[in-house]
Amino acid sequence: MSVGRPTVVVVGAGGAGLCVALEAASQGATVHLVEKQSTMGGMLRIANGEFSGAGSRRQAERGIEDSPERHWDEVRRISHDRVDPGLARMSVLRQGETVDWLESLGFQFHPDCPGLIHGHEVYDVPRTYWGVEQGHSVLQVLLPLVEEQVQAGRVVLHLSTRLRGLVREADAVVGVAVEDPEGSRELRGDAVVLATGGYDANIGLRNRFMPEHCADVLVGCLDHATGDGLVAAEEVGAAVSADGIFLPVMGMIPDPDRPQHAVDYRQAFVEMAPAYRTPHEIWVNRHGERFVAEDTRSPEQRERALIRQPGNLMHIVFDASVVREAPVSLIRNPADEWTPERFAESCRSSPWITRADSLEELARALDVPADALARNVADYNAAVRGEVVDALGRTTFPTALEEGPWYAITTVAASILSRDGLRAGTDLRVQDQQGEPIPGLYAVGEVLGNNVFAGDNYVGGMSITPAMTLGRLLGRALGAGAAEEQQ
């Protein structure tokens, strides 16, 4: 680092990049914040924005006994002990501080926080938080702080500016080559931080890291997540993990206008978690066969079952009685505006829902074997009537399926979060193929890959919280000119 006021180039203005920029600027650094979109926020603009942390003031006020060490034990349990022990532990032990920091900034917590979230394997203790406006709640407290730093001249904001590569002198990264509406140029600094997020919108790059049988999964993230930082770092010799891990996000609806993309889940998704909606339907694969108990309380169980199915696809089959009697809509969105009445209308008109007068016609429309579908419906109805024990272990049977018209929603496994990423040590310096740090180059957030923080599973809050927590640590160290001393 140079003597005096350091200059830090941060590429990516999502949760990680914003926190790096804020802390570095507050320590006296000049920060160039580069964002290829026209606005800041990254995936927080569509994410639920759930974060986790133990030992927070909010837990204490509600009489919840918890500790960072207990949180760490649970992260190890849920991740099957496959997280990066250095980076993950460094984050988890400080995440309660991140929660308190957001609270001090006026973050608008949902009144149910801290709570237990059932979209992932559930913690033993309520330590997950979210805002009244999902990911936007995080941006509502971070963006004004960034604007203050911009006005003070400590952050120079470069929107609509794409990363084209890293600038290297000798063995060190000394800047970035970028392109904006006015042309190409270089931005140089004492340190370059890649906070560029994931690669899941780049299908070719994503599939490089996918198990071969998962190449057909839907893209569920925003289009900007194309892996620019990962590619640029690889070009200068950075090491990238290749763990072969994938777990899908379930309930995403194929977009009829964009092949291999999902409908934006802010508009609609299928509610899969029985903690939020009792399942009235059955799920069948392309062979017309059920493959998992639809009422399982384990998200991991149903996720792993889905990726074993042909094409990572399933059909949710139901009848007129479900449309009429289910008290909660099968299709949801984050604002929960899908009333049962709206769902009933969609069953009559939506391109997302297949309709048929008979079960045999539905099978033809879905291109599944009619005899298999009929047998699976009959076996399920026998279990509803108590004549047999359900072969898959389902125990919840609201109603038999026997009344036309018949309906199905086809849903395909989706990717929204990059599992692999750049290799880095606990100093967040990007490593080369030999495990040595590349001078001047750092990375934080999803560009590191979610496996670092969640192993081979999803772990509640272990995406955005490490991005913010480690982003703050890194920004503070770089701003003080002491990143190499960070432990």
Side-chain angles (χ1 to χ4, degrees), residues 14-16 42-44 47-54 68-96 98-99 116-125 127-130 135 195 197-200 206 209-211 214 217 220-221 225 227 230 240-250 273 298-304 306-307 413-424 426 428 443-471:
M43 289 296 291
L44 282 171
N48 289 334
E50 294 163 0
F51 51 98
S52 60
E69 287 291 347
R70 185 172 179 180
H71 188 186
W72 170 238
D73 288 343
E74 284 222 74
V75 168
R76 294 183 62 189
R77 170 181 67 82
I78 297 171
S79 71
H80 308 118
D81 213 8
R82 295 188 65 177
V83 296
D84 180 301
L87 283 170
R89 179 176 169 81
M90 185 168 73
S91 180
V92 168
L93 296 187
R94 294 169 173 84
Q95 286 178 194
T98 299
V99 176
L116 298 173
I117 297 298
H118 297 271
H120 306 302
E121 295 300 312
V122 181
Y123 284 130
D124 290 339
V125 175
R127 63 169 67 92
T128 304
Y129 314 78
W130 60 98
Y199 49 72
D200 285 72
R206 182 201 69 178
F209 298 104
M210 281 280 193
C214 295
V217 303
C221 61
L230 184 147
V240 178
S241 64
D243 298 337
I245 292 169
F246 174 66
L247 272 185
V249 171
M250 295 182 68
S298 168
E300 181 184 1
Q301 181 182 356
R302 56 181 178 259
E303 290 157 358
R304 295 196 187 280
L306 178 59
I307 60 173
S415 65
I416 63 170
L417 194 65
S418 301
R419 305 295 313 202
D420 285 291
L422 299 175
R423 297 290 194 191
T426 53
L428 295 169
V444 68
E446 193 180 338
V447 73
L448 296 174
N450 193 238
N451 297 348
V452 169
F453 304 106
D456 65 353
N457 206 349
Y458 289 108
V459 183
M462 290 303 292
S463 176
I464 181 58
T465 334
M468 293 189 294
T469 302
L470 300 184

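- A heavy-atom distance below 4.5 Å is not found between the side chains of V249 and V217.
- E74 is linked by a salt bridge (Lys or Arg N to Asp or Glu O under 4.0 Å) to R77, R127, counting only residues two or more places apart in sequence or in another chain.
- For the residue pair A54 and P68, the shortest heavy atom distance occurs at CB-N, 3.7 Å.
- The side chain to side chain contact (heavy atoms under 4.5 Å, CB included) search around A225 returns A201, C221, not counting sequence neighbours.
- Applying the ring pair (Phe, Tyr, Trp, His ring centres under 6.0 Å) rule to Y458 yields the partners H120; only residues at least two apart in sequence or on another chain are considered.
- The shortest side-chain heavy-atom distance between N451 and D420 falls under the 4.5 Å cut-off.
- Under the rule for a side chain to side chain contact (heavy atoms under 4.5 Å, CB included), the partners of L422 that lie at least two apart in sequence or sit in another chain are L194, L230, A233, A238, V240, V430, A443, V447.
- Contact detail for G445 and A467: the closest heavy-atom pair is CA-CB, 3.9 Å.
- Every pair passing salt bridge (Lys or Arg N to Asp or Glu O under 4.0 Å) that includes a residue from residues 443-467 is listed here, sequence neighbours excluded: R82-D456, R304-D456.
- For the pair I416/D200, no side-chain contact is recorded, criterion being any heavy-atom separation below 4.5 Å from C-beta on.
- Note that CG of L417 and CG of N450 are 4.0 Å apart. Values are rounded to the nearest 0.5 Å.
- Not less than 6.0 angstrom separates the ring centroid of F209 from the ring centroid of F246.
- Remark: D73 pairs with no residue by the salt bridge (Lys or Arg N to Asp or Glu O under 4.0 Å) rule, at least two apart or across chains.
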Passes side chain to side chain contact (heavy atoms under 4.5 Å, CB included), L428 versus L470? Steps please.
CA-CA 8 Å; L428 295 169; L470 300 184; 4.0 Å; yes
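- The ring pair (Phe, Tyr, Trp, His ring centres under 6.0 Å) test applied to H80 returns no partner, not counting sequence neighbours.
- Without hydrogens or angle criteria, S418 side chain to Y199 main chain gives a donor-acceptor distance under 3.5 Å.
- If you take CG on L448 and CZ on R423, they are separated by 10.5 Å, rounding to the nearest 0.5 Å.
- Two residues are said to be in side-chain contact when any heavy atoms from C-beta on lie closer than 4.5 Å; M468 and I464 meet this criterion.
- Here salt bridge (Lys or Arg N to Asp or Glu O under 4.0 Å) pairs that include residues 83-93, with residues two or more places apart or in two chains, are E69-R89.
- A donor-acceptor pair shorter than 3.5 Å can be found between the side chains of S415 and R206.
- Between H71 and Y123, the ring planes lie perpendicular to each other; the angle is over 60°, past the 30° to 60° tilted range.
- The two residues L306 and A413 have their closest heavy-atom pair at CD2-CB, 3.8 Å.
- A search for salt bridge (Lys or Arg N to Asp or Glu O under 4.0 Å) contacts involving R76 returns D81, not counting sequence neighbours.
- Between the side chain of S52 and the backbone N or O of G460 there is at least one donor-acceptor pair closer than 3.5 Å.
- Under the side chain to side chain contact (heavy atoms under 4.5 Å, CB included) criterion, T469 pairs with S91, R94, Q95, T98, T465, not counting sequence neighbours.
- Residues D243 and R419 form no side-chain contact, since every pair of their non-hydrogen atoms from C-beta on lies 4.5 Å or further apart.
- Proximity of I117 to V122: side-chain heavy atoms (C-beta onward) are nowhere separated by under 4.5 Å.
- Summarising the geometry, atom CG belonging to L93 is positioned 8.0 Å from atom CH2 belonging to W72; distances are rounded to the nearest 0.5 Å.
- Scored by the ring pair (Phe, Tyr, Trp, His ring centres under 6.0 Å) test, F453 finds no partners at all (sequence neighbours excluded).
- At a threshold of 4.5 Å between non-hydrogen side-chain atoms, the residues E121 and V459 do not count as touching.
- The two atoms that bring P248 and I307 nearest to each other are CD-CG2, 3.3 Å, heavy atoms only.
- Taking the side-chain hydrogen bond (donor to acceptor under 3.5 Å, both in side chains) definition, one finds that N48 meets it with nothing, sequence neighbours left out.
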